[in-house]
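The structure under discussion appears below in the form of structure tokens.
Below, chain A is the first sequence line, B the second, and so on; all start at residue 1. This one's a predicted model, so the numbers in the text were calculated from it and none came from an experiment.
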There are 4 protein chains.
Amino acid sequence: MTRAERKKAELRREIIDASFECFAKHGYHATGIADIATTLGIGHGTFYRYFENKRDIIDHVIDDLIAKIISALAVENAPDAANTLDEYRAQVGRIAEALPRIFFDDPRIPRVLLFETTGVDADLTGRMLDLLDQSASLTAAYLHHGVECGYLRADLDVDNTAQAVNGMMLASAIHGLRADSSVDCAALNQAISRLMFDGIRAENA
Amino acid sequence: MTRAERKKAELRREIIDASFECFAKHGYHATGIADIATTLGIGHGTFYRYFENKRDIIDHVIDDLIAKIISALAVENAPDAANTLDEYRAQVGRIAEALPRIFFDDPRIPRVLLFETTGVDADLTGRMLDLLDQSASLTAAYLHHGVECGYLRADLDVDNTAQAVNGMMLASAIHGLRADSSVDCAALNQAISRLMFDGIRAENA
Amino acid sequence: MTRAERKKAELRREIIDASFECFAKHGYHATGIADIATTLGIGHGTFYRYFENKRDIIDHVIDDLIAKIISALAVENAPDAANTLDEYRAQVGRIAEALPRIFFDDPRIPRVLLFETTGVDADLTGRMLDLLDQSASLTAAYLHHGVECGYLRADLDVDNTAQAVNGMMLASAIHGLRADSSVDCAALNQAISRLMFDGIRAENA
Amino acid sequence: MTRAERKKAELRREIIDASFECFAKHGYHATGIADIATTLGIGHGTFYRYFENKRDIIDHVIDDLIAKIISALAVENAPDAANTLDEYRAQVGRIAEALPRIFFDDPRIPRVLLFETTGVDADLTGRMLDLLDQSASLTAAYLHHGVECGYLRADLDVDNTAQAVNGMMLASAIHGLRADSSVDCAALNQAISRLMFDGIRAENA
DNA sequence: CATGAATGAGCCTTCATTCAT
DNA sequence: TATGAATGAAGGCTCATTCAT
């Protein structure tokens, strides 16, 4: 890669980052190409040398965020890493910590991912929903493995339960967004974990 | 109420409905006042006799949707109506049916409520988040009652669990939105219910 | 005149007055028909039963103001009433008091007459200029009589001097408009009078 | 100054000039931004690259006109240049020629200055009145000097007389505006001059 | 006759995009 | 290649005017 190519890739990177910042701060619609360019200190004509149009950039911003999340989850164990309930519990605990670490450390990520992907386009909304589906599929893989290993209910409706669990993670992400989110979300994760494994029913009920 | 007042209220109603339709079909930003007026076959100046401006109307559309949901849930039993686990299970089942009935029968409702309330305004996003909070509070009331009656775990973290349950309902709502949602969502509701009461752990694990 | 006709004429009168008030307070362009109607507590459709359109009303407002001024000046002596310089001086003094009495007592009159007759229409501007011309003609008649009687310079350029004098009265009217017009305009009138009769030159110059 | 900057300043200049033309021909309110742009053969969006909004441009048009007038008067002698009555008379004559030269050569100048500055804004009207005040102040300086030198009446009410003289100049400006102003205004200037210095009284009266 | 609901021409303004420099 | 001047489609909003009630 020549030096010029490297600089080009670098600026492309910076435009994506600046766009992300602007979208997070003011929203997609309230952000102008000029705002993004000004943030970077470049001419706004330059933007169009790197991206097709305004619609184009948000796709790349989202791509970027998805990649970030996937890489953050990838460091965790694979779906088939847990062979006992306790191991699985620990695994879930690790995942339940990893996701908020991303979302909570930079609330702009869930904000853009959840709030700016809707209200633009059917396509973009679809991408966000696809992401949720993929997340559910991943969870389903975990659950499936647990059923096979026998530490999860044999009659578990894997796919639908995965969606339900997905919803709880969504709740966690949204919870982290609220302004008064100084409360740590560990308690919420704990509650989710207990709910998943034990349900809410009293022992003797 | 005079006849003129009735007609006025009626048109106001129709403008809200037409706006809802437009927002659901094309989104808030892609909808022009002219679109709303054309949908109704009225002049676009007429719109401004009934609502302050474009931003104003979506508030009223949302108000309307919230009212619809609340009235749909209001027919269900109060939080303290269930005194045993089985009664509560039945209650949850009824609620789990009522909500999708609204959302599934008219997918435009969750679409507007979830997707068009973001990307407009911090205020409007806040209203949506508040609605989620209220929903969680209501769930918390149910759970709280269950703990007091003894049919739910005494050590249940009521508030956080309520948020988790809220997330599952959110997943259900989103699930109902997908284009290929011909699948009935009864299975998802069932899975949520099982998850809530029994957890996912195998009996012997 | 029937009772109905009297009421009609009366409302017509009130609309003119209300329009005058609105024009004086907010200006012609910033005044809407609705403002005028609201001032009177009538429906704004009613306006159109009495006047053709918005452009029409200002003509009548101006007509009204002109009539007011003329009637105020009419009480003064006719151009040929003065036969000596002292009589003329006294006459000028009376006129110089009458005009400000109208303008100063109700500054809305000169404001509308001078400021709202321009910036609407060439026609309306023309009417205002015609009014100035008529005023100059009247002054010229006074001067002409004075020359004939011999108490004014025989070589006086009657018409142009009349215009100059007119300008001084204009200055007086504008002077009375300024916000800080608490200063009495008697001094200005005095200065105008001295200038007219004696000029500004030192005796011995 | 770079070439780009020069072109930018030039277009700015042209926009001001075109606006002046439009305002003079149709008035401020009847002129649309599109009219100004069309006059120049530029896109109307370009206008907004140079001026904030419609209200902004008229301020600059007026600034321009005021600058023109001041520079035209600046070539004349300073207030303290005349030391005898004859010198002063000559000075007044020069000024009396300079002003009409601007106003008469381009009647659009007094038209915009006098007629389009009212009926827009209290601010703009105020600016016009301030200009009249400044003009009166300048005249007062001339008169003051004359009194001190002894060639003007010692008991001259300098400030109020200055306002009166101002009014005569105003009359002159307005006189030059009339459509039938083919008559040269030298006669009016002459009349004003005679009135100022000699008054209208007959020698022997 | 009075009313005010309805109308739509028309305006100002924004901003994504293009392209000459 | 970077720039930013120029553009004009697009849209929100106002308000004078009409007309059915």
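- The nearest whole Å value for the distance from the CZ atom in A/Arg12 to the P atom in F/dA2 is 13 Å.
- Comparing E/dA6, F/dA5, F/dG12 by their nearest atom to the side chain of B/Ile33 picks out F/dG12.
- Considering only heavy atoms from C-beta on, A/Arg108 stays 4.5 Å or farther from A/Lys25 through its side chain.
- With the nearest nucleotide of DNA chain F identified for both B/Thr31 and C/Phe47, B/Thr31 has the one nearer the 5' end.
- Across all strands shown, D/Lys8 has heavy atoms under 4.0 Å from sugar-phosphate atoms exclusively, and none from any base.
- As rounded to whole Å, 9 Å separates atom P of E/dT13 from atom NZ of D/Lys54.
- Within 4.0 Å of A/Gly45, counting heavy atoms only, lies at least one base atom of the nucleic acid.
- Pair check for F/dT17 finds E/dA6; Watson-Crick or G-U wobble, both atom distances under 3.5 Å.
- Straight-line distance from the NE2 atom of B/His29 to the P atom of E/dC15: 12 Å, rounded to whole Å.
- Residue C/Ile42 contributes atom CD1, which lies 12 Å from atom C1' of E/dG4 at whole-angstrom precision.
- Counting heavy atoms from C-beta outward, C/Thr39 and C/Glu21 have side chains that approach closer than 4.5 Å.
- When the P atom of F/dT18 is taken as reference, atom CZ of C/Phe51 falls 16 Å away, rounded to whole Å.
- With F/dT18, F/dT3, F/dC13 as the candidates, the nucleotide lying closest to the side chain of C/Tyr48 is F/dT18.
- Comparing B/Lys7 and A/Arg55, the nucleotide of DNA chain E nearest to each residue sits closer to the 5' end for B/Lys7.
- Atoms CD (B/Glu10) and C1' (E/dA5) sit 14 Å apart, rounded to a whole Å.
- Not one N or O on the side chain of B/Lys7 forms a donor-acceptor pair closer than 3.5 Å with the backbone of B/Thr2.
- At a cut-off of 3.5 Å, with distance as the only test, no side-chain donor of D/Thr125 or D/Thr118 sits close to an acceptor on the other residue.
- Going from atom CZ of D/Arg6 over to atom C1' of E/dT21 covers 14 Å, rounded to whole Å.
- What separates CD1 of D/Ile15 from P of F/dT7 is a distance of 10 Å, to the nearest Å.
- Annotation: side chain of C/Arg55 is in contact with side chain of C/Tyr28 (closest heavy-atom distance under 4.5 Å).
- Map B/Tyr28 and B/Thr46 each onto its nearest nucleotide of DNA chain F; the residue landing nearer the 5' end is B/Tyr28.
- Scanning atom types as modelled, no donor and acceptor separated by under 3.5 angstrom connect the side chain of B/His44 and the base of E/dT7.
- Side chain of B/Tyr50, nearest nucleotide from E/dT13, E/dA5, E/dT7: E/dA5.
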